[in-house]
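Below, chains carry the letters A, B, ... as their sequence lines are ordered, and counting in each starts from 1.
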Amino acid sequence: MERLFFPKERLFDFFNFVNEEYCLYLPVRIEGRQIVCDYNFNLPSADYILKKYSLLKKEDFEFNPYRTIEPLKSFLNYPKEIVCEYFSKELTIQDKKIAIFGVKNCDLFSLKIQDFVFLQGDYTDPLYKKRRENLFIISSDCLSFKEVCFCLAYDINPYPESGFDLNFSSLDEGFLVEVGSDKAKALLEKKGFLFEKIPSRLNTELLSKRENITTQLKEHIKSHALPKKEVLKEIINKGYNSKLWQEEMFNCVECGGCNFICDTCHCFLLSESGSETVFKKIRSWDSCQYANFAKEAGGANPLNTRAKRLRNRFLKKFDFFIDNLGLPACCGCGRCIETCPAKIDIRKILKSLYEESLSAN
Amino acid sequence: MKNPYQPIEAIIEDIILETPNIKTFVLRPKEYIEFQTGQFVEFGLAGVGEAPFTPSSNPNVKEKIELTIMKVGRLTNKLHILEKGTIATLRGPYGKGYPLDEFKGKDILIVGGGVGLAPLRSLIYALLAHPQDYKNIIIRYGARTPQDLLYKKEILAWSNFKNVNLVTTVDTADNSWKGNVGVVTTILKDLPLNIKNAVAIVCGPPIMMKFTTLKLLELRFSPESIYLSMERNMSCGLGKCGHCRIGKYYVCRDGPVFRYEEIMNIADIWG
Ligand SMILES: Cc1cc2nc3c(=O)[nH]c(=O)nc-3n(C[C@H](O)[C@H](O)[C@H](O)COP(=O)(O)OP(=O)(O)OC[C@H]3O[C@@H](n4cnc5c(N)ncnc54)[C@H](O)[C@@H]3O)c2cc1C
Ligand code: SF4
Ligand code: SF4
Ligand code: FES
């Protein structure tokens, strides 16, 4: 794919013209909780959230070294929204073009799951489809990582190689920008950006930066002794009757946070509202950790305990999705770990299941 | 683009009281809804909600759909107090129906429990549209009490077909009842069929499906010759909302009818 070099000073020019065509969102730094890490890593504690460029001061922007707090899915399906108006009215879907700067590779991986759910199969979700088509993804290489990051455990690299419109790699002199789509190429050409040959020293710097972060991250997740992605399905199924589910779920307060913040979780519930003339169907994000998630008419409930619901979350991610799509529905973003007030840690569960499966052999 | 969440209007043309807590709603949808027997629809009330129901009517009749609905909770309570002429909502059909082609030339055993006879009535209509395509059609139906038996008139009519063999049973009898007493598995004996060339189709409450399946296996039905209607909580019906998962399947997308073989290795399938 084509690459071009962007000097640092031109970044805001770039933001300005992207913002002419799209509503641009940029990462903004907020101070997060201090992260304590037991294995001598000095890991950053800052967090990043996405804000509208038009509402920001120049100095608010900071190139986010790792993923933002909010999952990318929140730009494609909103937590609660009208999906249909009936009988006489047609749903009007806002035609808003959005560009996001600072998407990371974990989010790009998760997009494959969300696309599969909402675009594939017998039915296409019209809201998702429209927003997906209108989304301009400007991703970037990770420069560091959070304590909870473990993408690499699934062989997801901390730098994007596909699935974006543009990808920014931050180098000492500026940015190396990779063009990932025709619409991105057209946009850059329209604005007079030239595709020149990239000096080989920049390519070398890119490779060494990528290798560097990968090595560090590998070192970090080693201590979690996570299973390889090839065995996930097997260990989840073998661990079906493990005591772990009960032990781990003990402190769950059923807040649903792990699902809502998850980049790949997609479940929702339809409900109704409306008056005598126009009725509306409302779609809300739902959580499989809620007691009524699977409750059937008459009261039967296949997921009637917290332990079964925790196990369900893992079966859905590592059994259902691997069977249906060939991919686990987890990108290693660690958002659920940070969110959970009960400190339930997906890494710990995967590690324990793996160990149990080894000792059973 | 068509919005898959959008329901159409359906007028409730008639309401038939089947049992004290089951009614059949005869619907005339604004647009034709062509369904295959065994597929389901999302039926409900604007501003109230919707739920999955499998049509109990003849799939060859296009302009009307009948749903037989038991009163069990929030929505169905509201449906049961409706009057004729009410406008309701309908979307669908969804899922995969009964594979009639696979049934051709075989003995067909149909086992129903309670309101589970609803989708089976639709199947029976479809089979009896071409009765010569099948060998014996053996129907075994159980309900709690004689009052709870559905479709008494139809049952009489079906019994008159040459290749239909029909037996009913009740869990608890009253003085007027002359027939069998006992759960439905007690009438699964001396079946006039050739197990090697037969299929069994089961629909009813989970506990009934479980014990019926065990009984059928004992009678040497193979797991691939048993067809079950699975029930799970559903919201969208479209394979998107994630509510109806069993194993690698979504009931709304891959079912609701499954061969036992497809699901027998999934833990806790009976709910
Ligand atoms: C494929 C399929 C086919 C079916 N076919 C038939 C049929 O032919 N005939 C028949 O009688 N039944 C059939 N059923 C069962 C039928 O769908 C249920 O009886 C129906 O959903 C009951 O709805 P209810 O609101 O009356 O019951 P409830 O028990 O009140 O609710 C059922 C579900 O809705 C949820 N719920 C309750 N209140 C609310 C609320 N306020 N907001 C959101 N959710 C709520 C509950 O948690 C529960 O999950 C079928 C089910 C399936 C899956
Ligand atoms: S399960 Fe946790 S780590 Fe995996 S994608 Fe979801 S939020 Fe991220
Ligand atoms: S975030 Fe933690 S406490 Fe909340 S539902 Fe998930 S597991 Fe339970
Ligand atoms: S009912 Fe929504 S996925 Fe099956």
Can A:Lys281 and B:Glu50 be said to form a side-chain contact (heavy atoms from CB on, under 4.5 Å), step by step?
-> CA-CA 10 Å; A:Lys281 260 188 216 311; B:Glu50 44 182 12; 3.2 Å; yes

Test item: B:Lys240 side-chain N/O and A:Tyr123 main-chain N/O as donor-acceptor pair under 3.5 Å | yes

Hey, does the side chain of B:Asn233 reach the backbone of A:Glu296 with a donor-acceptor pair shorter than 3.5 angstrom?
-> no

Contacting moiety of B:Ile8, where chain A heavy atoms sit under 4.5 Å = backbone

Determine the minimum heavy-atom distance between B:Ala88 and A:Phe87, stating which atoms define it.
-> O-CZ, 4.0 Å

B:Cys241 and A:His266: which non-hydrogen atoms are nearest, and at how many Å?
-> C-CE1, 4.4 Å

Under 3.5 Å: donor-acceptor pair, side chain of A:Asp319, backbone of B:Gly247 | no

Measuring heavy-atom distances to chain A, does B:Arg74 have an atom under 4.5 Å in its side chain, in its backbone, in both, or in neither?
-> neither

Side chain, backbone, both or neither: which part of A:Asn237 has a non-hydrogen atom closer than 4.5 Å to chain B?
-> neither

When the ring centroid of B:Tyr250 is compared with that of A:Phe320, is the distance short of 6.0 Å?
-> yes

A:Lys316 portion near chain B, given a 4.5 angstrom heavy-atom threshold = both

Would you say the side-chain atoms of B:Ser235 pair up with the backbone N or O of A:Leu269, donor to acceptor, closer than 3.5 Å?
-> no

Do we see a donor-acceptor contact under 3.5 Å between the side chains of B:Tyr5 and A:Asp125?
-> yes

Shortest non-hydrogen separation from A:Phe293 to B:His243 and the atoms involved = O-ND1, 2.8 Å

Minimum-distance pair of heavy atoms, taken over all atoms of B:Val48 and A:Glu272 | C-CG, 3.7 Å

For B:Gly47 and A:Tyr86 the tightest heavy-atom approach is N-OH, 3.6 Å

Examine the side chains of A:Tyr240 and B:Asp268 and answer whether a donor and an acceptor come within less than 3.5 Å of each other.
-> yes

